[in-house]
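Letters go in sequence order (proteins before strands), and every chain restarts at 1.
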Number of protein chains: 2
Amino acid sequence: MAGKLSKIKLNDYQPLREVIFNTLRDAIIMGELKPGERIMEVHLAEKMGVSRTPVRESIRKLELEGLVTMVPRKGTFVSTLSPKDIMDVLEIRASLDALATSLAAKRIKDTELKELDNVHIQFVNYIEKGNLQGIIKKDVEFHEIIYRSSRNDRLIQISSSLREQVQRYRVVYLKGYSNTAEILDEHDRIIKAISSGDSKSAAIIAEEHIKNQEKAIISTVNKSKT
Amino acid sequence: MAGKLSKIKLNDYQPLREVIFNTLRDAIIMGELKPGERIMEVHLAEKMGVSRTPVRESIRKLELEGLVTMVPRKGTFVSTLSPKDIMDVLEIRASLDALATSLAAKRIKDTELKELDNVHIQFVNYIEKGNLQGIIKKDVEFHEIIYRSSRNDRLIQISSSLREQVQRYRVVYLKGYSNTAEILDEHDRIIKAISSGDSKSAAIIAEEHIKNQEKAIISTVNKSKT
DNA sequence: ACAATGTCTTTTGTATATAATGTACTCATT
DNA sequence: AATGAGTACATTATATACAAAAGACATTGT
């Protein structure tokens, strides 16, 4: 059991900068820190009861993730998120989701397939109950399992960063999901394609799935313009 | 002329951490810092004549780019780069290059098309002369123009980070290019597809182009095993 | 009244100091 | 001789101190 213990301890310790990084990232994604809002090191450090150093290090990482924008000797701001930005992200995600799903169709294990089924069932449940938090959670899990099953670590990493961006946009501008029925149906078809090992159609459906999101967002943007 | 002066000054100023970040990144990509090699803050700071702070901040960013690996309270090491890692990267690049090239076929401007032609001509020249440095440079430029023409900023950013990884692998393990004739032919066909606006075949050719690189690398790996 | 300049404040950029942790080595004990 | 505790050393993690730059505002000259 020593292995387990040491592993637990390893997961246990987190440097302050990691804690702060996660806190800030979540705050930005969940819209608590709004696009364009200024981030001041001293202020944050005081608020969290730490010194500026770990705060600074966290901000550097957020910068590379694109969540904040730094202007040298001026300050740091929460990145703005234009419709063009989110279109760019979705354009990429369409490709990468297609890739991940087709890889998953080839490489998924039985246990993962079962997980996928379970998560989907819970997803359907939450939709029926109208539980938005639950819906979001299970939607994220659904795609996470697929990405994990692709057996491509870097793909997992990149796509989760992209997913964050979309999530952020959704929270800040859309404030929720729409067309859940359609999403549900697409998830159904994705599961079928993966479980039958049909990587070609898995890719096609996954790509459509994202493109439909694009359309939904475009229509919302246009609506808010008029 | 005041505008020009102030503009120059603006571009001129780079925080130390940026300079260090770039220096270290290049050193890793060019194989001067070898995979697994340890990176010590004090040591680097002394060597570059600065304090530890900007060095640390640079390392944080390198970590997020995946070029170094940190173990809390132990130290930082140049990331190792297994064949599996590089296969993962190429798998993604195949998709993203296909995407970028198909987008470029739709969105490229005449001036960029001319640039592309020019770079390709220079590329051919360098191949004939056997100038390896030149070949690499023009190959990079070729793909950079295509990515730029995709008009998708995030795609540009992600793919250039992936390209760095491949480049690093090439330098560290392969120490050069092979099958230049094939690459040349593929670039030719990519230009044709883009200039005729044929996004479908542009995507297909670009994907093949990367997959051929995969094959080349796989065969080299297998060769070095025996 | 308006523009230019200077100074004052705020905030970031960099350096250094202190604390905590991991590693390696020595020495004693079995 | 092998193992384990203890200790010294190396290195990172965090905090604080100091320097430099940018922005705001007031003051002064025209």
Side-chain angles (χ1 to χ4, degrees), chain A residues 2-3 5-25 28 33-34 36-65 67-79, chain B residues 1-25 28 33-34 36-65 67-79:
Chain A
L5 275 176
S6 64
K7 197 174 181 186
I8 286 173
K9 202 201 162 189
L10 226 66
N11 291 345
D12 213 21
Y13 175 74
Q14 275 200 317
L16 278 181
R17 61 165 181 281
E18 287 300 318
V19 179
I20 296 168
F21 176 73
N22 288 324
T23 309
L24 287 179
R25 196 192 46 194
I28 293 175
L33 292 170
K34 301 225 166 10
E37 192 170 334
R38 185 157 190 191
I39 288 181
M40 276 181 303
E41 296 173 3
V42 203
H43 185 229
L44 273 180
E46 270 174 17
K47 213 165 146 183
M48 311 182 82
V50 297
S51 86
R52 276 176 56 209
T53 310
V55 174
R56 281 177 69 78
E57 292 181 342
S58 305
I59 291 177
R60 298 295 164 271
K61 295 176 81 172
L62 289 170
E63 187 198 5
L64 214 71
E65 280 224 330
L67 291 175
V68 306
T69 306
M70 298 190 52
V71 185
R73 300 211 181 269
K74 275 194 63 179
T76 308
F77 306 83
V78 177
S79 298
Chain B
M1 286 298 146
K4 195 161 193 175
L5 276 176
S6 63
K7 196 175 181 185
I8 285 172
K9 203 203 162 187
L10 223 66
N11 291 345
D12 213 21
Y13 176 73
Q14 275 198 317
L16 279 181
R17 62 166 180 279
E18 287 300 318
V19 179
I20 296 169
F21 175 72
N22 288 325
T23 310
L24 287 179
R25 196 192 46 194
I28 293 175
L33 293 171
K34 303 226 166 7
E37 193 170 332
R38 184 156 191 193
I39 289 180
M40 275 181 304
E41 297 173 3
V42 204
H43 186 227
L44 273 179
E46 271 174 14
K47 213 166 148 184
M48 311 183 85
V50 298
S51 88
R52 279 176 53 209
T53 310
V55 174
R56 281 178 69 77
E57 291 181 340
S58 305
I59 291 178
R60 297 294 165 272
K61 294 177 82 171
L62 289 170
E63 188 198 4
L64 213 69
E65 280 224 329
L67 290 175
V68 305
T69 305
M70 298 191 52
V71 184
R73 300 213 181 263
K74 272 195 64 180
T76 307
F77 306 83
V78 178
S79 298

Spacing of [X] atom [atom1] and [Y] atom [atom2] [to the nearest 0.5 Å]:
X: A:Leu67; Y: A:Thr76; atom1: CG; atom2: OG1; result: 12.5 Å
X: B:Lys61; Y: B:Glu18; atom1: NZ; atom2: CD; result: 4.0 Å
X: A:Met70; Y: A:Arg56; atom1: CE; atom2: CZ; result: 6.5 Å
X: B:Leu24; Y: B:Leu44; atom1: CG; atom2: CG; result: 5.5 Å
X: B:Thr53; Y: A:Glu57; atom1: OG1; atom2: CD; result: 8.5 Å

To the nearest angstrom, how far is [X] atom [atom1] from [N] atom [atom2]?
X: B:His43; N: D:dT11; atom1: NE2; atom2: C1'; result: 14 Å
X: A:Glu41; N: D:dT16; atom1: CD; atom2: P; result: 15 Å
X: A:Phe77; N: C:dT11; atom1: CZ; atom2: P; result: 11 Å
X: A:Glu57; N: C:dT14; atom1: CD; atom2: P; result: 14 Å
X: A:Glu46; N: D:dT14; atom1: CD; atom2: P; result: 18 Å
X: B:Leu44; N: C:dT14; atom1: CG; atom2: C1'; result: 16 Å
X: A:Leu16; N: C:dT21; atom1: CG; atom2: C1'; result: 14 Å

Is the phosphate of [N] approached by [X] (side-chain N or O, under 4.0 Å from OP1 or OP2)?
X: A:Thr53; N: D:dT14; answer: no
X: A:Arg38; N: D:dG23; answer: no
X: B:Lys74; N: D:dT12; answer: no

Across the strands shown, which category fits A:Ile39 at heavy-atom distances under 4.0 angstrom: base, sugar-phosphate, nothing? sugar-phosphate

Nearest of [options] to any side-chain atom of [X]?
X: B:Arg56; options: C:dT12, D:dA13, C:dT16; answer: D:dA13
X: A:Arg17; options: D:dA13, C:dA15, C:dT12; answer: D:dA13
X: A:Arg73; options: D:dA15, C:dG13, D:dA13; answer: C:dG13
X: A:Met40; options: C:dT12, D:dT12, C:dA15; answer: C:dT12

Which is more 5' along DNA chain D, the nucleotide nearest B:Thr76 or the one nearest A:Pro54? Just name the residue.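 Per heavy-atom nearest nucleotide, the more 5' residue is B:Thr76.
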
Please evaluate the base of D:dA13 for a donor-acceptor partner in the side chain of B:Arg52 within a cut-off of under 3.5 Å? yes

